[in-house]
Amino acid sequence: MRTGRVRAQLELALVALLLVAGCARTRDSAREAALSVVSSEARAAAERITGARLSQFVEALASDSFEGRGPATAGDRLTQQYLIEQLEAAGLEPGAASEASAAGPGERGADAARRGWLQEFEIIGITAKVPERWRFERAGANAPAGAGDSLALAYREQFIATSGVQRESARIDAAEVVFVGYGIQAPEYDWDDFKQRDLRGKVLLFLNNDPDWDPALFEGETRLYYGRWSYKYEIAARLGAVGAITIHTVPSAGYPWQVVQSSWSGEQFELPARDEPRLEIAAWVTEDAAEQLARLAGRDLAQLVESAKSRSFEPVPLGVTTSLALESSLARTRTANVLGELRGSDPQRADEVVVYTAHHDHLGVGEPDAAGDRIYNGALDNAAGVAQVLAIAEAFRALPVAPRRSLLFLFVAAEEQGLLGSKYYAAHPSFAPGRIAANINFDGGNVWGQARDISVIGLGKSSLDEVVTRIAASQGRSVEPDPFPDRGYYYRSDQFSFAKIGVPAAFFDTGTDFVGRPAGWGRQQIEAYEAERYHQPSDELDASWRFEGMVEDAQLGFWVGVEVANADAMPSWNPGDEFEPARRAALNALPAD
């Protein structure tokens, strides 16, 4: 009996081993089949992308000597020069060669050559002197007993304000505050929070989101551009308001109040104003400050928020007025995008291009943290993204023959100031928008280890999905949509500037399913970074960084670019996508062959 049981157990164990071996062979076969989508030459070139190389780039760019890479600073110029040197060493050609013609008659040859790598553009620096208190006055007897007749909010602790105009004085004089809910006009959703009210001269109080409770309405929890603070300020200006206030909450913003403090204080940069409508003052308030403001008006903020969750919502005048004056110093200065190009090998396709982007700026030197550190090094945001694009550029040069289409490696300036560098390039592109096959953007990077997945911000929007998914399988990885869809990341980085001119674009972001880690661990790391280090001096390279996941992400980005650059057809937006009309217009604008 015992011998029989042992024999049976051994037979069962052998069967189990055979099953495991069979599964392993199946996985290996699937992997080998998937690897066949990547040429041996492309696999060999991808070996140039190493953790050591990525670490070298990050260490340089995030060092204190680069002073946080603030726009129009010595650190900005040092960053530009560093990128030129790396691109030149990789064997690329200047991607902004037409800019060399802007050289003055007495300009030295080296300076003129440097211009060939740079797309310089003018920016306006505005440094506003903000009063320590912002006062709101109640008009009439519309508040409960004990509410008081006025409210004074404390600068930085309760509000942040910046000038919306490019002049030395911005002013709100006794303007009424009006709660406008989400502040959205969206005919396609039959939604209008303004109901044709005359809001000229008012200060509009906004929720920082879009309706998120119904998947059929504003795509549910997936935030659209309507939910971004930039949309709120733009539409307030179009309606003739003098000021706009966004109510900050951590869930609606996706980051803590300290990020508003660090991002919106100090010198702020803009492209030179044209004839667009502008606010006098744009501001944020904390949720607690908004609650106090509602009480001053005799109202309850929670009830106001609830009332906004309806198509029938109408603007609510709060019976509260406010005045605020900002005196500003203005500086007209310059920064630059850095462009390196690898010309395509096919004469019929070389005038088309795949564009890789990563923003090279960060916040520079600002308010000190608790340890007294004033340099916002921006290691993860975005030295990591720059490192990946530089490594991808080196991998392309390692190919024995360049792809059919050209490759442009575009390191954009002043992203943290509102995507200024990519906005400028989109308005002054070196390739016609209809000839830009795709944009692949890197903003951040995986510094936590090997992941079984990669997040693609923009998954579901274009035919890039199929390419990315198929090639990711060669790494044994899945492609997942934005793990934080409520934060609107697609509209927060440089791929948005390309999408607006019709270019199919995706943002390669960190996965969340980490090898050797329990479920949920990856999300925890990302959320801890956002809570503690995002836009803070503590965003620095340290010994905890692991680069193997970043290597895989960069290799995937490289292989996707190789395929797109060699394909017969360019990628396209999925039918009905919000950017499909812009692509159609860009293609129609091309001259007939």
Please confirm whether the backbone N or O of [Y] pairs with a side-chain atom of [X], one donor and one acceptor, at under 3.5 Å?
{"X": "R238", "Y": "P277", "answer": "no"}
{"X": "R69", "Y": "G378", "answer": "yes"}
{"X": "R470", "Y": "D465", "answer": "no"}
{"X": "R533", "Y": "D539", "answer": "no"}
{"X": "N574", "Y": "G460", "answer": "yes"}
{"X": "S406", "Y": "A350", "answer": "yes"}
{"X": "E219", "Y": "P215", "answer": "no"}
{"X": "S345", "Y": "P403", "answer": "yes"}
{"X": "N209", "Y": "G227", "answer": "no"}
{"X": "T469", "Y": "V479", "answer": "no"}

Can you give me the closest heavy-atom contact between [X] and [Y], atom names plus distance?
{"X": "A358", "Y": "N382", "answer": "CB-ND2, 3.7 Å"}
{"X": "E41", "Y": "L399", "answer": "O-CD2, 3.8 Å"}
{"X": "L61", "Y": "A383", "answer": "CB-CB, 3.9 Å"}

Whether the [X] and [Y] side chains hold a donor-acceptor pair (N or O, under 3.5 Å, no angle test) is what I'd like checked.
{"X": "S497", "Y": "Q495", "answer": "no"}
{"X": "T246", "Y": "N208", "answer": "no"}
{"X": "H360", "Y": "T79", "answer": "no"}
{"X": "S230", "Y": "Y225", "answer": "yes"}
{"X": "N377", "Y": "H362", "answer": "no"}
{"X": "R77", "Y": "Q80", "answer": "no"}
{"X": "N446", "Y": "W448", "answer": "no"}
{"X": "E578", "Y": "Y490", "answer": "no"}

Neighbour count above 12 (heavy atom, 6.0 Å) for E85 CD: yes
Q348 atom CD: more than 12 heavy-atom contacts under 6.0 Å: no
Pair E47-R43, salt bridge (Lys or Arg N to Asp or Glu O under 4.0 Å): steps then yes or no: CA-CA 7 Å; E47 294 300 317; R43 291 202 298 274; over 6 Å; no
Do the ring planes of [X] and [Y] sit parallel (below 30°), tilted (30 to 60°) or perpendicular (above 60°)?
{"X": "Y424", "Y": "H428", "result": "parallel"}
{"X": "Y226", "Y": "Y231", "result": "perpendicular"}
{"X": "F206", "Y": "F194", "result": "perpendicular"}

Pairing of D453 and R477 as salt bridge, 4.0 angstrom limit: no
Under-4.0 Å salt bridge between K423 and E270: no
Quiz item: cation-pi between K500 and F496, 6.0 Å / 45°: yes
Ring centre gap for F218 and Y189 strictly below 6.0 Å: yes
Ring center gap for F396 and F558 short of 6.0 angstrom: yes
Worked verdict on R404 versus D568 for salt bridge (Lys or Arg N to Asp or Glu O under 4.0 Å): CA-CA 9 Å; R404 297 171 67 195; D568 289 335; 2.9 Å; yes
CA sep, side-chain torsions, deciding dist, call: D351, R343, salt bridge (Lys or Arg N to Asp or Glu O under 4.0 Å): CA-CA 8 Å; D351 287 337; R343 191 69 178 168; 2.5 Å; yes
Compare all side-chain heavy atoms of [X] with those of [Y] and state whether any distance is below 4.5 angstrom.
{"X": "T357", "Y": "F411", "value": "no"}
{"X": "E416", "Y": "H359", "value": "yes"}
{"X": "Q185", "Y": "D193", "value": "no"}
{"X": "P94", "Y": "E341", "value": "no"}
{"X": "F409", "Y": "Q86", "value": "no"}
{"X": "Y529", "Y": "D381", "value": "yes"}

Summary of ring-ring contact (aromatic ring centres under 6.0 Å, His included) pairs that have at least one residue in residues 572-593, sequence neighbours excluded: W573-F579
ring-ring contact (aromatic ring centres under 6.0 Å, His included) against F269, all qualifying residues, sequence neighbours excluded: none
Trace of the side chain to side chain donor-acceptor pair (under 3.5 Å) decision for D443 with S493: CA-CA 7 Å; D443 194 348; S493 192; 2.8 Å; yes
Q450 vs E552, side chain to side chain donor-acceptor pair (under 3.5 Å): CA-CA, chis, key distance, verdict: CA-CA 8 Å; Q450 191 174 23; E552 286 195 330; 3.1 Å; yes
Check against ring pair (Phe, Tyr, Trp, His ring centres under 6.0 Å), Y425 and F121: CA-CA 9 Å; Y425 180 85; F121 59 96; over 10 Å; no
Residue among D482, N441, D494, V456 satisfying side chain to side chain contact (heavy atoms under 4.5 Å, CB included) with F507: N441
D553 vs F508, side chain to side chain contact (heavy atoms under 4.5 Å, CB included): CA-CA, chis, key distance, verdict: CA-CA 8 Å; D553 290 351; F508 282 30; 5.8 Å; no
Under the salt bridge (charged side-chain N to carboxylate O under 4.0 Å, His left out) test, residues paired with E530 that sit two or more places apart: R487
Derivation and outcome, salt bridge (Lys or Arg N to Asp or Glu O under 4.0 Å), residues R405 and E352: CA-CA 5 Å; R405 291 185 175 87; E352 298 173 350; 2.7 Å; yes
